Asker: 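Handing you this structure, nothing more for now.
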Amino acid sequence: MKILVTGGTGYIGSHTAVELLSSGHEVIIVDNLYNSNIHVLDRIEKLSGIKPKFYEVDILDYDKLEEVFKENTFDAVIHFAGLKAVGESCIIPLRYYENNISGSLNLYKLMQKYGVNKIVFSSSATVYGDNYPVPFKEEYGYGDTTNPYGTTKKFNEIILSDLCKADENLSCVLLRYFNPIGSHESGILGEVPNGIPNNLVPYIAKVASGELDHLRVFGDDYDTVDGTGVRDYIHVVDLAKAHVKAIEYCTKFKGADVINVGSGKGYSVLEVLHAYEKACGKTLPYKIYPRRPGDIATCYADVEKAKRVLDFEVERDINKMCEDSYRFTVMNPNGIE
Ligand code: NAD
Ligand code: WQD
């Protein structure tokens, strides 16, 4: 298929581009490079043998985005482009609503205008909120989102579901990612966070490289195996492969379908830290801090639907996730340049 990948130079998008190209799909990337850079395209080429066609376009710019649709005929879209920092979304919510909702509406309008009727959307486990027992099941629907970022994901899911009700030819797969971590095992692609990372594994990586002196563990009094928060971590290459299955699934059904993408297992903060210590061969210092506002104790996916509908199961465990993250950190001390 000829696939438009928005946000394709970003962390998950770039890994997905490699998997799509390696599976024989054609990839055209649109990204405004707000949170990624142009050199990612060379890295994608190194891994797949193909340099995807690239447009430096902001999806908020309807006219420029329309040029992309005029110049290409797409079979499907995978929509990664978006802002993703939970804390920042509470400080500048308008920017998040504008980028993640208005930008997406431009894309959906152009898909309609140019007759593109298959889309895979990057949603998030955050849409479950804190109302439900684990494992989180797709049939729960939505919980109360606790931040504007999460609300933009929920709104996009609702918008796409409504579009499917109005257009019987549309196929939308709404993938709810759990916690993607790790890097391509070559060490050539990976996550390059801006500034001090908010997320656990990018933060640990900077402790391992000596850039930060200790991990702040947010709370050790949760009702979990060791008192620290439990999450469902998924290797980014497994997640990328799930997108290849999802885009192929789009050809087999009509309507909107929500699917969790996780490992189905939960690991605590200290378990992840210890796996990372094993991967880098060092003891990594940590200190216990108060709970982080908005965090829940435990979050992991029910993965039965992904297995049943997409025939998808993860292949990479927490040790592999940490080993690959560390390899990327060592090989790219200045990020992707
Ligand atoms: P990322 O920031 O690495 O990638 C997003 C890409 O989108 C970046 O390259 C950025 O430059 C681009 N972008 C942002 N706004 C744009 C715009 N207006 N026009 C064009 N390009 C734009 O993030 P990621 O981790 O790869 O996440 C990809 C998607 O998955 C996002 O929608 C994110 O919300 C979602 N998601 C991520 C996680 C996670 O933990 N990483 C979890 C759940 C869902
Ligand atoms: C994981 C665990 C923290 C940092 C977020 C978004 C979610 C999704 C993925 C986009 C928690 C603890 C963290 C640190 C710590 N993104 N922690 N010290 O919060 O599960 O999910 O990213 O959709 O929407 O909310 O991920 O990596 O921030 O935290 O102790 O320095 O690590 O308290 O228990 P989270 P995370």
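Everything numeric here is computed off the predicted structure, so don't read it as measured data.
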Asker: Do I336 and L47 share a hydrophobic cluster, counting only Ile, Leu, Val, Met, Phe, Trp and Tyr and linking them when any side-chain heavy atoms are less than 4.5 Å apart?
Answerer: yes
Asker: Are V236 and V27 linked, directly or through intermediate hydrophobic residues, by side-chain heavy-atom contacts shorter than 4.5 Å (ILVMFWY only)?
Answerer: yes
Asker: Evaluate whether atom NZ of K53 has more than 12 neighbouring non-hydrogen atoms of other residues, nucleotides or ligands under 6.0 angstrom away.
Answerer: yes
Asker: Are L83 and I92 linked, directly or through intermediate hydrophobic residues, by side-chain heavy-atom contacts shorter than 4.5 Å (ILVMFWY only)?
Answerer: yes
Asker: Looking at N99, is its backbone amide N or carbonyl O close enough to the side chain of S102 to form a donor-acceptor pair, meaning the two atoms are under 3.5 Å apart?
Answerer: no
Asker: If the threshold is 4.0 Å, N to carboxylate O, is there a salt bridge linking K241 and E19?
Answerer: yes
Asker: Within the 3.5 Å criterion, strictly below it, is a donor on N194 or N35 matched to an acceptor on the partner's side chain?
Answerer: yes
Asker: Please walk me through it: do L107 and V30 pass side chain to side chain contact (heavy atoms under 4.5 Å, CB included)?
Answerer: CA-CA 11 Å; L107 176 68; V30 162; over 6 Å; no
Asker: Around atom NZ of K278, are there more than 12 heavy atoms from other residues, nucleotides or ligands closer than 6.0 Å?
Answerer: no
Asker: Are the side chains of V272 and L200 in touch, meaning some heavy atoms are under 4.5 Å apart?
Answerer: yes
Asker: Would you name the heavy atoms of I44 and G8 that are closest together and state the gap between them?
Answerer: CD1-O, 4.0 Å
Asker: Can a donor-acceptor pair be found between the side chains of E323 and Y276 at a distance below 3.5 Å?
Answerer: no
Asker: Within a strict 4.5 Å, meaning less than it, do heavy atoms of the L174 and N156 side chains meet?
Answerer: no
Asker: Under a 4.0 Å threshold between the charged nitrogen and the carboxylate oxygen, would D238 count as salt-bridged to R316?
Answerer: yes
Asker: Test T329 against E211 for side chain to side chain contact (heavy atoms under 4.5 Å, CB included), laying out the working first.
Answerer: CA-CA 11 Å; T329 305; E211 259 184 82; over 6 Å; no
Asker: For E71, look at atom CD and say whether over 12 heavy atoms of other residues, nucleotides or ligands are found less than 6.0 Å away.
Answerer: yes
Asker: Can you find a side-chain donor-acceptor pair between E157 and S123 that sits under 3.5 Å?
Answerer: yes
Asker: Just wondering, do L284 and L215 contact through their side chains at under 4.5 Å, heavy atoms?
Answerer: no
Asker: Between R327 (side chain) and E185 (backbone), is there a donor-acceptor pair under 3.5 Å?
Answerer: yes
Asker: Using a 4.5 Å cut-off on heavy atoms from C-beta on, say whether the side chain of V201 contacts that of M321.
Answerer: no
Asker: Would D58 and Y34 count as a side chain to side chain contact (heavy atoms under 4.5 Å, CB included) here? Give the steps.
Answerer: CA-CA 9 Å; D58 191 316; Y34 175 79; over 6 Å; no
Asker: Without hydrogens or angle criteria, can the side chains of H274 and E277 be said to hold a donor-acceptor pair below 3.5 Å?
Answerer: yes
Asker: T228 versus Y222: any side-chain heavy-atom pair under 4.5 Å?
Answerer: no
Asker: Any side-chain donor-acceptor pair under 3.5 Å between S325 and S183?
Answerer: no
Asker: Any carboxylate oxygen within less than 4.0 angstrom of a Lys/Arg side-chain nitrogen, looking at E67 and K70?
Answerer: yes
Asker: Out of the candidates I3, V5, L110, V68, only one should pair with F74 under the side chain to side chain contact (heavy atoms under 4.5 Å, CB included) rule; please name it.
Answerer: V68
Asker: Can you confirm whether K46 is buried at NZ, in the sense that more than 12 heavy atoms of other residues, nucleotides or ligands lie under 6.0 Å from that atom?
Answerer: no
Asker: Any sub-3.5 Å donor-acceptor pair from S23's side-chain atoms to H25's backbone N or O?
Answerer: no
Asker: Drop me the distance from S36's OG to L33's CG, to the nearest 0.5 angstrom.
Answerer: 5.0 Å
Asker: If you measure from the Lys or Arg side-chain nitrogens to the Asp or Glu carboxylate oxygens, is any gap between D221 and R291 under 4.0 Å?
Answerer: yes
Asker: Under 6.0 Å from the ring centre and within 45 degrees of the ring axis: does the NZ or CZ of R95 meet both conditions for the six-membered ring of Y149?
Answerer: no
Asker: Do Y203 and N199 have side chains that get closer than 4.5 Å, going by heavy atoms?
Answerer: no
Asker: Indicate yes or no: does D42 engage K51 in a salt bridge with an N to O separation below 4.0 Å.
Answerer: yes
Asker: Atom CD of residue position E304 - does it have more than 12 heavy atoms of other residues, nucleotides or ligands inside 6.0 Å?
Answerer: yes
Asker: Can you list every pair that meets ring pair (Phe, Tyr, Trp, His ring centres under 6.0 Å) and has a residue in residues 240-268, with sequence neighbours left out?
Answerer: F80-H243, Y177-H243, Y249-F253
Asker: Same cluster or not: are V309 and I78 linked, directly or through other Ile, Leu, Val, Met, Phe, Trp or Tyr residues, by side-chain heavy atoms under 4.5 angstrom apart?
Answerer: yes
Asker: Does a sphere of radius 6.0 Å around NZ in K254 hold more than 12 heavy atoms from other residues, nucleotides or ligands, not counting ones at 6.0 Å or beyond?
Answerer: yes
Asker: What residue pairs, at least two apart or across chains, pass ring pair (Phe, Tyr, Trp, His ring centres under 6.0 Å) with a residue in residues 45-66?
Answerer: none
Asker: Look at D232 together with K265 and state whether they make a salt bridge at an N to O cut-off of under 4.0 Å.
Answerer: no
Asker: Do the side chains of I318 and E271 get nearer than 4.5 Å, heavy atoms only?
Answerer: no
Asker: Just verifying a value: how many Å separate R308 CZ and L310 CG, rounded to the nearest 0.5 Å?
Answerer: 10.0 Å
Asker: Rounded to the nearest 0.5 Å, how far does CD1 of I204 lie from SG of C322?
Answerer: 7.0 Å
Asker: For residues 112-141, pull every pair meeting ring pair (Phe, Tyr, Trp, His ring centres under 6.0 Å), keeping only residues two or more places apart or in separate chains.
Answerer: F69-Y114, H79-F121, Y128-F136, Y132-Y140
Asker: Just by distance, with hydrogens left out, do H184 and D324 show a side-chain donor and acceptor under 3.5 Å apart?
Answerer: no
Asker: Same hydrophobic cluster for I28 and V120, using side-chain heavy-atom links shorter than 4.5 Å among ILVMFWY?
Answerer: no
Asker: Any side-chain heavy atom of F178 within less than 4.5 Å of one from L239?
Answerer: no
Asker: About how many Å separate OG of S89 and CG of N147, when rounded to the nearest 0.5 Å?
Answerer: 4.5 Å
Asker: Answer yes when K320 and E315 have at least one side-chain N-carboxylate O distance shorter than 4.0 Å, and no when they do not.
Answerer: no
Asker: Rounded to the nearest 0.5 Å, how far apart are CD1 of I181 and CD1 of I234?
Answerer: 10.0 Å
Asker: If you measure from the Lys or Arg side-chain nitrogens to the Asp or Glu carboxylate oxygens, is any gap between E66 and K113 under 4.0 Å?
Answerer: yes
Asker: Taking K305 first and then D257, would you say they form a salt bridge - that is, a charged N and a carboxylate O separated by under 4.0 Å?
Answerer: yes
Asker: Any donor-acceptor pair under 3.5 Å linking the side chain of N198 with the backbone of G87?
Answerer: no
Asker: L163 and L170: which non-hydrogen atoms are nearest, and at how many Å?
Answerer: CB-CD2, 3.7 Å
Asker: Got a sec: does the OH of Y142 have more than 12 other heavy atoms crowding it under 6.0 Å?
Answerer: yes
Asker: Any sub-3.5 Å donor-acceptor pair from N106's side-chain atoms to L60's backbone N or O?
Answerer: yes
Asker: Is there a donor-acceptor contact under 3.5 Å from the side chain of N260 to the main chain of D302?
Answerer: yes
Asker: Report, as yes or no, whether the 6.0 Å neighbourhood of atom CG on N169 holds more than 12 heavy atoms from other residues, nucleotides or ligands.
Answerer: yes
Asker: Taking only Lys NZ, Arg NE, NH1 and NH2, and the carboxylate oxygens of Asp or Glu, determine whether K84 and E191 approach each other closer than 4.0 Å.
Answerer: yes
Asker: Find the distance between CG (N37) and OG1 (T9) and round it off to the nearest 0.5 Å.
Answerer: 7.5 Å
Asker: Distance-only, no hydrogens or angles: does the K206 side chain make a donor-acceptor pair with backbone N or O of P197 under 3.5 Å?
Answerer: no
